[in-house]
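Structure first, then comments.
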Protein chains: 2
Amino acid sequence: MDAIDRQLVELLRGNARLSYAELARQVGLSAPAVHERVGKLEASGVVRGYHADVDPEAVGLGVTALIGVVQDSSSGDIDDVLDTVRDMPEIESCYFMAGEESFLLKARVGTITELEHLIVRLNRTPGIARTRTAVALSTKWEGRPQATREPS
Amino acid sequence: MDAIDRQLVELLRGNARLSYAELARQVGLSAPAVHERVGKLEASGVVRGYHADVDPEAVGLGVTALIGVVQDSSSGDIDDVLDTVRDMPEIESCYFMAGEESFLLKARVGTITELEHLIVRLNRTPGIARTRTAVALSTKWEGRPQATREPS
DNA sequence: AGTTGCCGGTCGATTGCGTCCACGTCCGTA
DNA sequence: TACGGACGTGGACGCAATCGACCGGCAACT
């Protein structure tokens, strides 16, 4: 993970469809060398994949909500909660948190009605005492890339 | 935005580096046809870009925090807050929320110390009354793709 | 109904990329 | 000095990207 690797990561984070030839030009190496470096970055887990960034509204997912989950240890295990939540495709992200709310979920649905159903389902699952949901009125930005730095 | 477009979006969300030839095979069209469709999806804003998914820990950003921001209308404007926050590269996402906390920020930093500095800076900016931050102990998953659906 | 245009597709050709392989260079070590 | 490995370059070859020409289906208009 030297300076050129970091540069490659940066470039691919900005545009994952750059050709190896183009990457090679940008970093001043030959295409095969870049190919090998990128392969190693993928194999070592630094680069986990390449994804198109799709406008959620354009695919019928205009409602974003953040849901804090307070655990109820008397009615179920933490792993049960996780398994249940994992089976809900609306839950786009899931963080295990410090604080009273054990989980913070980011959900994406099409309508407020669907959000309501989702919340009801959550409150009904064993291991969840209650939830607190906040609806995003607008997304100012999301997943903005940050310069990679020297890993300590 | 017909069934084939949705299939293309789906495929590119899974792997943004698929070749047009491969996409063409998957959806049963010729490569130029796919090329044109994808171009239109990009032009119309359905596909906003292609990004490598990088392991944050591998690039020295192991600490994730979610910060709720309570606004103080007496000391500054909402847009000032937004501008200030936009200039903080640590803030990866920013949602304008319903509820007492006007903004919900997702921040990514390398150390708890850096998080502390970030919070201090936030609390100091005009227009922000106070903040409430929760640290993610672990990220169970993030940005999981959800099947595209018929836009209503 | 016939004609005309347009949209969106295929096909074929050319240019350039991806990828394999042989080889060279630098560096640490015996 | 000799050796070995990591990492690079350059060449070659097959496939992909991309352009232009062409074609079929559909809708609107006469």
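The chains referred to below are lettered A, B, ... by the order of the sequence lines, with proteins before strands, and numbering in each begins at 1.
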Expressed as a whole number of angstroms, how long is the span from B:H35:NE2 to C:dG12:C1'? 17 Å
Protein-nucleotide distance (A:D5, atom CG; D:dG8, atom C1'), rounded to Å: 14 Å
B:A31 side chain: which of C:dC17, D:dG11, D:dT18 is closest? D:dT18
Once you apply a heavy-atom cut-off of 4.0 Å, does B:R17 come out as touching a base, just sugar-phosphate, or nothing? nothing
Looking only at C:dT10, C:dC17, D:dT9, the nucleotide nearest the A:A33 side chain is D:dT9
Pairing of B:R144 and A:E90 as salt bridge, 4.0 angstrom limit: no
Taking the six-membered ring of A:F103, is the NZ or CZ of A:R86 close enough (under 6.0 Å from the centre) and on axis enough (within 45°)? no
Respond yes when some side-chain nitrogen or oxygen of B:K40 is under 4.0 Å from OP1 or OP2 of C:dG8, and no when none is. yes
Report yes or no: do B:R108 and B:T64 form a side-chain donor-acceptor pair below 3.5 Å? yes
Identify whether any heavy atom of A:S30 sits under 4.0 Å from a base atom; if not, whether one sits that close to sugar-phosphate; answer base, sugar-phosphate or nothing. base
Between A:D2 and B:R25, which is nearer to the 5' end of DNA chain D once each is assigned its nearest nucleotide? A:D2
Atom pair distance, as rounded to whole Å: CD in A:E36 and C1' in C:dG18: 14 Å
D:dT9 C1' sits how many Å from A:I4 CD1, rounded? 14 Å
Decide yes or no for A:L122 and A:L105: does some side-chain heavy atom of the first lie under 4.5 Å from some side-chain heavy atom of the second? yes
Please determine whether a side-chain nitrogen of the Lys or Arg among B:E36 and B:K40 lies less than 4.0 Å from a carboxylate oxygen of the Asp or Glu. yes
Which whole-number value in Å describes the distance from B:L18 CG to C:dC17 P? 20 Å
Rounding to an integer number of Å, can you tell me how far A:E22 CD sits from C:dC17 C1'? 12 Å
Of the candidates C:dC17, D:dG8, C:dT10, the side chain of A:S19 sits closest to C:dC17
Quickly work out the B:Y20 OH to D:dC19 P distance and round it to whole Å. 11 Å
If I take atom CZ in residue A:R37 and atom C1' in nucleotide D:dA6, what distance separates them, rounded to the nearest angstrom? 11 Å
